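All figures in this text were calculated on a predicted structure; none of them were measured in a lab. Whatever order the structure lists them in is the order used to number ligands and atoms, beginning at 1. Along the sequence shown, residues carry numbers from 1.
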Amino acid sequence: MAKIGINIATGSLQQQEMIVGIDLGTTNSLVAIIHPESRQAVALREHQSSSLVPSIVHFGPGNEATVGEEAKKFLVTEPQQTIFSVKRLMGKSYNDLRNSQSFFTYKIIDDESDRLVKVQVGDRFYSPIELSSLILSELKHRAEHILKTPVTKAVITVPAYFNDAQRQATRDAGKLAGLDVLRIINEPTAASLAYGLGLKKDEQKTIAVYDLGGGTFDISILRIVNGIFEVLSTNGDTYLGGDDIDQAIVSTWLQELQLPAAFVQQNKALAQEFRIRAEEAKVWLSSSLQYAGRVGDYAVSLGRDDFDRLIAPLVERTLTCCRNALKDASMAASQVEEVVMVGGSTRIPLIKERVGAFFGKKVHDELNPDEVVALGAAIQADILAGNNKDFLLLDITPLSLGIETMGGLMDVLIARNSKIPAKVSRQYTTQKDGQSGMRISVYQGERDLVRDNRKLAEFNLTGIPGMPAGIPKVELSFLINADGILVVKAVELRSGVAQSIEVKPQYGLTDEEVEKMLLDSITHASEDIRLRALVEAKTEAGQILDTTDRFITRNAAHLSQEETDATHRAMQELRAVLDSNDKDLIHQRIEQLNEISKPYAERLMDEAVAKKLKGGKV
Ligand code: AMP
């Protein structure tokens with residue numbers, strides 16, 4: 001098994017090329033490299049400006065996208081066109097986000113289903129993958145501008161708690177941005193690497209990574225054994241960070257000035273200025289004891305002691321998460337040997353002090369906490385490039401392995417460049433009532449449609465007992481052992497029927513073929529992602545047409561003639577565009593059908609509940 005990368009500019013296989021490390025953050029993103037001369041990890045920046053690029057995308061009147069500081073300017077004035085916190089949407093369904101809808105100021109399509117979310121801007125629909133790819137494209141262009149060389153390969157970081165779907169979404173975003181994503185690594189692992197932890201052979205250590213950013217808090221407990229990082233536990237709060245501190249300062253000032261919160265909320269510009277001054281005060285107090293400033297005609301001030309008192313409850317909340325993480329890892333705070341600080345908010349002296357006291361040791365804060373994750377990603381990239389001779393490269397899978405799903409799409413179970421041995425399991429279900437068999441087709445490759453990948457094997461799982469569609473639970477597992485042999489096993493969990501097969505994915509595959517497959521996946525990335533989105537839209541439309549049809553037939557007696565007619569019309573209109581190859585149009589028609597069916601579906605649900613309650617009382 002070999003590590004293979006391609007240079008998109010030349011199409012050739014290269015082992016020594018510079019690979020960048022990318023921290024794709026919720027609030028900010030950045031790129032780092034290993035400096036070819038100093039061999040030190042450095043964050044890329046244009047002249048004296050910041051290395052951080054706000055992870056914000058703004059769409060102009062003609063749907064043209066801008067990213068970064070330029071886009072940030074529109075956050076308050078054009079909230080519907082300005083997309084922030086895309087990372088929170090990666091791999092999420094509408095149901096996952098139901099409780100946090102109010103956080104987003106832009107339109108997230110909500111049809112209360114388990115499908116992956118889309119963001120609607122005007123009459124266009126964007127997947128989180130497309131939005132993230134716009135941020136990654138911007139980072140790629142910046143890096144190319146600064147380095148004066150094409151940048152085609154990257155290591156991208158993700159939170160340790162990201163699941164398979166979220167990691168795959170991040171990979172796809174990279175691919176769509178024209179990047180060959182050599183590996184996805186965990187943010188806490190990257191931060192540890194930046195401090196040189198895990199780089200020595202025979203090293204065994206337990207590390208806590210405390211990451212407090214603008215909007216999120218994560219604590220991870222890691223164990224390194226001989227260069228391999230294992231995540232023992234993670235904990236945190238997805239809505240806790242520097243923004244809450246700014247908010248707390250604003251509230252204190254408003255109280256002192258006896259200004260009602262409602263008055264400020266109505267005046268958006270004033271509210272914004274209060275928030276900006278509050279952040280300024282917070283940053284100032286990390287290195288001074290007293291802050292004084294002005295917001296319009298109002299004088300505002302804050303001392304370090306008052307600030308510390310103000311944020312103490314918030315710091316305590318993060319320590320509670322730390323306690324929970326330690327408990328899950330079955331570990332005492334004193335067993336943690338190194339504590340790594342990540343995220344801009346860890347510059348606050350009280351936080352360093354409390355976290356240090358909690359773990360009973362001095363925390364690592366020598367590196368820039370905003371850059372440490374990207375720096376670690378660059379170190380990992382350098383190891384993958386084979387430049388770091390001290391580091392042993394582990395065996396990896398050169399191409400992704402997966403199966404064919406609805407509409408001929410490739411569903412990757414083991415991503416390329418995964419360390420072997422590796423094991424991944426995922427659950428699937430049936431599409432038809434009473435379906436007794438399921439065909440499992442195993443493919444290898446990086447393209448979105450299986451027809452463009454290499455077919456390795458196929459088998460049928462038979463004997464599934466008759467059940468309605470969606471009820472059987474078929475667990476599919478891919479196990480690739482140290483010899484590179486892939487064992488694919490399918491088990492229907494309710495009945496226990498099982499079937500398995502063994503293949504050697506590398507058999508008869510030359511390095512040149514692998515190289516060509518990788519190159520093809522990059523050159524066809526945007527076409528592939530467009531096709532995937534279209535196939536998904538068509539599949540979704542088909543399912544919605546089916547369920548709606550069944551629903552109105554079953555409930556015909558409870559629907560008015562107008563409701564039935566309007567539904568049939570909307571269904572007809574949706575059917576009419578199924579072959580249009582325009583996914584936005586299909587989504588619009590799905591939305592239209594949902595708008596019509598939602599009111600009566602809810603009404604019937606309420607009636608059913610009311611009936612049940614009444615029945616219960618008698
Ligand atoms: P991140 O999401 O890691 O980029 O962290 C950004 C957060 O760090 C924002 O809430 C910033 O206001 C905060 N921050 C940056 N510098 C400082 C500082 N010197 N003191 C306190 N907070 C800071």
Side-chain angles (χ1 to χ4, degrees), residues 21-32 43-45 49-56 67-69 71-72 75 84-88 103 135 139 157-160 186-188 190-191 194 209-220 236-251 272-291 293 302-304 306-308 310-312 314-315 317-318 340-355 363-377:
I22 298 181
D23 173 3
L24 181 61
T26 311
T27 336
N28 294 304
S29 298
L30 72 156
V31 184
L44 294 181
R45 66 186 75 237
S49 66
S50 164
S51 57
L52 303 182
V53 178
S55 307
I56 300 175
V67 173
E69 287 299 340
K72 195 174 177 177
L75 262 186
F84 62 94
S85 280
V86 175
K87 194 172 175 179
R88 294 183 191 272
F103 173 82
I135 298 169
L139 296 174
T157 59
V158 296
N186 289 331
E187 286 159 11
V209 181
Y210 179 103
D211 180 349
L212 187 64
T216 56
F217 170 64
D218 294 307
I219 172 79
S220 314
D237 187 330
T238 43
Y239 291 93
L240 174 64
D243 299 346
D244 300 283
I245 299 180
D246 304 345
Q247 213 46 59
I249 299 176
V250 172
S251 301
Q272 178 76 343
E273 207 183 329
F274 263 109
R275 208 198 52 71
I276 291 170
R277 286 289 160 262
E279 187 178 7
E280 185 179 280
K282 170 183 78 174
V283 172
W284 181 262
L285 289 175
S286 285
S287 50
S288 314
L289 294 176
Q290 185 65 38
Y291 170 84
L302 190 63
R304 171 79 73 80
D306 286 334
F307 174 68
D308 285 355
L310 191 64
I311 65 167
L314 202 139
V315 182
R317 269 168 69 192
T318 68
V340 172
M341 301 297 262
V342 181
S345 302
T346 61
R347 290 200 182 88
I348 296 172
L350 181 77
I351 291 183
K352 291 189 207 187
E353 193 186 302
R354 289 280 164 89
V355 176
V363 300
H364 279 290
D365 63 350
E366 303 86 348
L367 295 170
N368 180 337
D370 287 319
E371 295 180 347
V372 48
V373 167
L375 297 178

Quiz prompt | Residue and atom name of the nearest protein heavy atom (relative to atom 21 (C) of ligand 1), distance in Å to one decimal | solution = Ile348 CG1, 3.3 Å
Quiz item: Rounded to the nearest 0.5 Å, what separation is found between the CG atom of Leu302 and the CD atom of Glu280?
Solution: 12.0 Å
Practice problem: Please could you name the atoms of ligand 1 that Gly242 approaches to less than 4.0 Å, counting only its heavy atoms? | Solution: 10 (O)
Quiz item: Please state which protein non-hydrogen atom is closest to atom 10 (O) of ligand 1 and give its distance, to 0.1 Å?
Solution: Lys282 NZ, 3.1 Å
Exercise. State the atoms of ligand 1, each with its element, that fall below the 4.0 Å cut-off from a heavy-atom position in Ser345.
Key: 7 (C), 8 (O), 13 (C), 22 (N)
Practice problem: Tell me which protein heavy atom sits closest to atom 2 (O) of ligand 1, plus the residue, atom name and distance to 0.1 Å. | Solution: Gly214 N, 3.0 Å
Quiz item: Going from CD on Glu69 to NZ on Lys72, what distance comes out if it is rounded to the nearest 0.5 angstrom?
Solution: 5.5 Å
Quiz item: Do you know the tightest heavy-atom contact between Leu52 and Pro54?
Solution: O-CD, 3.9 Å
Quiz item: Between CG of Leu314 and CZ of Phe217, what distance do you get to the nearest 0.5 Å?
Solution: 10.0 Å
Quiz prompt | Gap between atom CG of Leu75 and atom CD1 of Ile56 - 0.5 Å precision | solution = 4.5 Å
Quiz item: Should you measure from each heavy atom of Arg347, which atoms of ligand 1 turn up under 4.0 Å away?
Solution: 15 (C), 16 (N), 17 (C), 18 (C), 19 (N), 20 (N)
Quiz item: Looking only at protein heavy atoms, which one is nearest to atom 11 (C) of ligand 1, and how far off is it?
Solution: Glu279 OE2, 3.3 Å
Self-check item: Thr157 to Asp23 - nearest heavy-atom pair and separation
Solution: OG1-CA, 3.4 Å
Quiz item: Can you find an N or O of Gly344 that's nearer than 3.5 Å to an N or O of ligand 1?
Solution: yes
Exercise. Check each atom of ligand 1 against the heavy atoms of Gly343 and keep those under 4.0 Å away; list them by number with element.
Key: 3 (O)
Quiz item: So which heavy atom on Asp370 is nearest to which on Leu30, and how close?
Solution: O-CD2, 3.6 Å
Practice problem: Please round to the nearest 0.5 Å and tell me the distance separating atom NZ of Lys352 and atom NE2 of His364. | Solution: 13.0 Å
Quiz item: Which atoms of ligand 1 have any heavy atom of Gly213 under 4.0 Å away?
Solution: 1 (P), 2 (O), 3 (O), 5 (O), 7 (C)
Quiz item: Just heavy atoms, cut-off under 4.0 Å: does Ser286 contact ligand 1 by side chain, backbone, both, or neither?
Solution: side chain
Quiz item: Under 4.0 Å from any heavy atom of Asp370, which atoms of ligand 1 are there?
Solution: 1 (P), 3 (O), 4 (O), 5 (O)
Practice problem: Output the distance between atom CD1 (Ile351) and atom CG (Asp308), rounded to the nearest 0.5 Å. | Solution: 9.5 Å
Quiz item: Atoms of ligand 1 less than 4.0 Å from Thr27 heavy atoms?
Solution: 2 (O)
Self-check item: Contact atoms of ligand 1, heavy-atom distance to Asn28 under 4.0 Å
Solution: 4 (O)
